[in-house]
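First the proteins, then the strands, lettered A, B, ... as listed; each starts at 1.
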There are 2 protein chains.
Amino acid sequence: MNIYDVSEKAGVSIATVSRVINGSANVSSKTREKVLAVMEELGYTPNVFARGLGLNTMNTIGIMCADSSDPFLANAVYYLEQNLRKNGYDSFLCCTGYELSTKQNYLKLLLSKRVDAIILVGSNFLEAAKKDNQYMIDAANEVPVMLINGYLAHPNIYCTLCDDYQAVYDGTIRLIEAGYRRPLFLYCSRSYSALQKLSGFRDALSASGLPAPEESVCLCANDIAQTKELLCSLKGRGLVFDAVFGAEDSLAVGAVKYAREQGLRIPEEFAVVGYNNSMLAVCSEPELTSIDNHVETLSITTVSTLMRVLGGNDVPNKTTISNELVVRGTARL
Amino acid sequence: MNIYDVSEKAGVSIATVSRVINGSANVSSKTREKVLAVMEELGYTPNVFARGLGLNTMNTIGIMCADSSDPFLANAVYYLEQNLRKNGYDSFLCCTGYELSTKQNYLKLLLSKRVDAIILVGSNFLEAAKKDNQYMIDAANEVPVMLINGYLAHPNIYCTLCDDYQAVYDGTIRLIEAGYRRPLFLYCSRSYSALQKLSGFRDALSASGLPAPEESVCLCANDIAQTKELLCSLKGRGLVFDAVFGAEDSLAVGAVKYAREQGLRIPEEFAVVGYNNSMLAVCSEPELTSIDNHVETLSITTVSTLMRVLGGNDVPNKTTISNELVVRGTARL
DNA sequence: GATAAAAATGTAAACGCTTACAAAATGTAA
DNA sequence: TTACATTTTGTAAGCGTTTACATTTTTATC
C-alpha cells in the first residue's frame, strides 16, 4: 500500500496526500479530513525510505555511549531517548566500547545512516589529544555533535557539563574541614570529566595547605573488587590515607569494601565520597555520600539544546548545569 | 555524490557499481577493484534511504526495553547491541516504560521504521492476558519478534528464557535445606518471568512440606528503600520470616537493609538470595548470593536465533538457557 | 457579474538506489 | 573457424515519497 492507494480512495492527487502527511497549510480542512480518514481506514503508514529519499533525513539522532551497562551512562541513555522521543526524534544507539578505532567505525556508521545529529555520552575526548579527536571534528562538520560531560572546541560541537571541577573541589574542602587530612582521589579513565575532577581535588589540597604528593591520586579499574585490592596494596606499601574520593560510585564502593576489610569504622575513622549518586550509592552499606550530577537534567538540557540547534538558533557551545553533594553514611560532611 | 559519480569515474555503469556495493558475484575482479578504488578515493557512501527503497530493509533491528537504567535490562541491551552489530545489523532502541499504550505506540513506530525484527527485553507479556498481547501478535505477523525472558505462543515469536522456575525452585529448596523454614518471596512485576519464579518458589515450599500461606509471597516496588520499608511493616504486622528470596537483586538488597536495621545477623539469623547477579550483588554488604541468569548468553542466543530466523531457517520457538546459583555472603547454601 | 488575488489542487520531475532483462564479451568444444 | 554456453556489463524501469511549478477553484472587491 502506498500514497497512490490513498490518493485514489480519497479522490485527490498524491501531492495532496503528501501535504496532509506533512501537515502543510495549503489543504482545505474538508480535504484534509477526508484524506486522514482514508489513511486511518487503510492503516496507511508512509514509507520511511521514500520519505528519507525526498527529505534526506529520518528524524533520527545517533547516540554513542561507551558502555550502556554502566549505571550512569545507562541512565543518561534512558533520559536522552525519552526526551528525544518527546521531541519527535528517534534514536540509534551505539555501544562503542572504549577503543578509539571502534568508536571511529561507529561514528562512520551513524553518519552513513544519515542521522540528524550525534550525541556522545561519557566521551573520552581530551582537549589535549587533538589527533585522537579529529574524527569527531570531521563528524561535526557534517552534523551537530552534542557532548555530555566532554569538551571539544568547535562551532558545531555543543557540550553539556556539570561543573565537575567545582563539585570535587568543594567536596574535598568539606572532607578536609571535617578533619580528614589525608584524602585519596581515585579515578578510572582519563576522560575530560575525570581530569576536571582530578584538578578540583588537587587544587583543594593545595588551597588547604596540605601536601599533595603524586600518590594522593590514583588511576584504577572501574571495578569494585579491583579497587578494594588496589587500596589494600597501597596501604601495604605504607601509603597513609583516611578518606577516599571516588570519581565514580563504583570506586567509592570499592573503598567502602576496603575499609570493612581493614576493620576501619566508617565514617569515624575513614570517609568515602562517591560521584554520580547512582543506585550503587544507596546499595552500599553504609550508603555513600555522593555527588549527584543530575543526569536527568544533563540529558534534558542536551536534548533541548540540540532542538534549538536543529531549529537553526544560535546556541552557546557550552552549558554547565548544577550538581549537589548528597550526604549519607560514608561521610558526614 | 552518488552512484553516478562513481560509475562515471570508474568508467562502468551504475549497475556494476551497485553490484560491487552489494557484493554480487557477477563482477570481474578487475572491475571490482577499480570500482572499490574509486569509491575509496571519492569517500563514497551509499545513500541508505535509496538503498532501503530498493531493498525495503535497512538492516536494523528494533530493541524495546522498558527501562534501560535497570541494570539487568541495561546489560541485555548492551550485549544485544554488540552482537547485532557483529552480525551486520544496527539497532533502534526504544525505552518504552511499563505502560501498555506507550508500548503499543513504540511498537507502531518501530514497524513504521521498517525494522527487520523486534527484540523485546524484559517484556511483561503474560500468556494469560491475551488481549493485552494482541498488538504484539499483530507485530509478529509482520516481522519476527524475539522475547527475552518472556513467552507468547505464535509461529513468528521466538523466546529465549533462562529456566526461572527451576532456578527459584532449586534455590528455595537449598534455602530450606539450609534450615531457613520461613522464606519470603518478593517480586515487583507480574511479568512472565516473575510469575515463573513465583511458581518455583511456591512449589518448592509445598514439595518441602512447608506451609505456603498467601503472605509468604509479596508484590512490591522495584526499589531498595521501599522494599526495606515493606519488610519492616510486614514484620510489624507479625509476619514471621527468616529469609528472603528476591526476584530482582534490588529487592534482595532491600532485604539486606532490613536485616541490618533489625540487627539480624546475616546469614546466621537471616538469609537473602537475589536474582540476576547484577552489579548490585557485589556492591551489597554482605555480598548477595544471587542467581546468575547469564544475561550475556541470553543476549547472544537471542541474536543468533534471530539471525537464523532471518536466514529463513526453521528455528524452534523456545530456547532455554542455563543459570547458576552464585553463593556469597548473604546465604551460605 | 467581471476581475484580480488568494487558496487549493494536480502534474511531473526529482531523490539514489536495485534488479530484471537485454546485450556484449569471453570461454569452450567441435 | 563456428556455434553455443557462460560470464560480465549495460539499459531502463521501478521503489514511494516530496515539491517546484502549472492549473484550477474559491474568495474578495468593485
Flag for B:Ser304-B:Thr301: side-chain donor and acceptor within less than 3.5 Å: no
Quick one: A:Arg51 CZ to D:dC15 C1', roughly how many Å, whole number? 16 Å
Give a yes or no on whether the backbone of A:Tyr79 and the side-chain of A:Asn83 come within a donor-acceptor separation of less than 3.5 Å. yes
Check whether any side-chain nitrogen or oxygen of A:Asn2 sits under 4.0 Å from OP1 or OP2 of D:dG16, and answer yes or no. yes
Could you tell me how far apart A:Asn56 (CG) and D:dG16 (C1') are, to the nearest whole angstrom? 16 Å
Are B:Asp116 and B:Thr57 close enough that a side-chain donor and a side-chain acceptor fall under 3.5 Å? yes
Quickly work out the A:Asp5 CG to D:dG16 P distance and round it to whole Å. 9 Å
Between C:dC17 atom P and B:Ile21 atom CD1, what is the distance in whole Å? 6 Å
Under a 4.0 Å heavy-atom criterion, the protein footprint on nucleotides 4-14 of chain D, written with B, S and -, is ----SBBBB--
Among B:Val77, B:Leu93, B:Leu107, find the residue that satisfies the side chain to side chain contact (heavy atoms under 4.5 Å, CB included) test when tested with B:Met64. B:Leu107
Rounded distance (Å) that lies between atom C1' of C:dA8 and atom CD of A:Glu33: 16 Å
Do B:His154 and B:Asn141 get their side chains close enough for a donor-acceptor pair, meaning under 3.5 Å? yes
Quick one: does any side-chain atom of A:Asn22 pair with a main-chain N or O of A:Ser18 as donor and acceptor, under 3.5 Å? yes
Ignoring hydrogens and angles, state whether a donor on the side chain of A:Ser191 or A:Ser193 is under 3.5 Å from an acceptor on the partner side chain. no
Mate of C:dT18 across any strand shown (Watson-Crick or G-U wobble, both atom pairs under 3.5 Å) is D:dA13
Taking A:Ser299 for its side chain and A:Thr297 for its backbone only, find out whether a donor-acceptor pair lies under 3.5 Å. no
A:Lys318 to A:Tyr158, cation-pi by 6.0 Å centre distance and 45° axis angle: no
In whole angstrom, give the distance that lies between atom CE of A:Met1 and atom P of D:dT17. 10 Å
So what does B:Asn22 touch, heavy atoms closer than 4.0 Å: a base, only the sugar-phosphate, or nothing? sugar-phosphate
Whole-Å distance separating the CG atom of A:Leu53 from the P atom of C:dT18: 11 Å
Measure CD1/A:Ile3 against C1'/C:dA13 and give the value in whole Å, please. 15 Å
Give me the distances for all protein-to-nucleotides 24-26 of chain D N/O pairs that come in under 3.5 Å?
none

Strand partner of C:dT26, provided both Watson-Crick or wobble distances fall under 3.5 Å: D:dA5
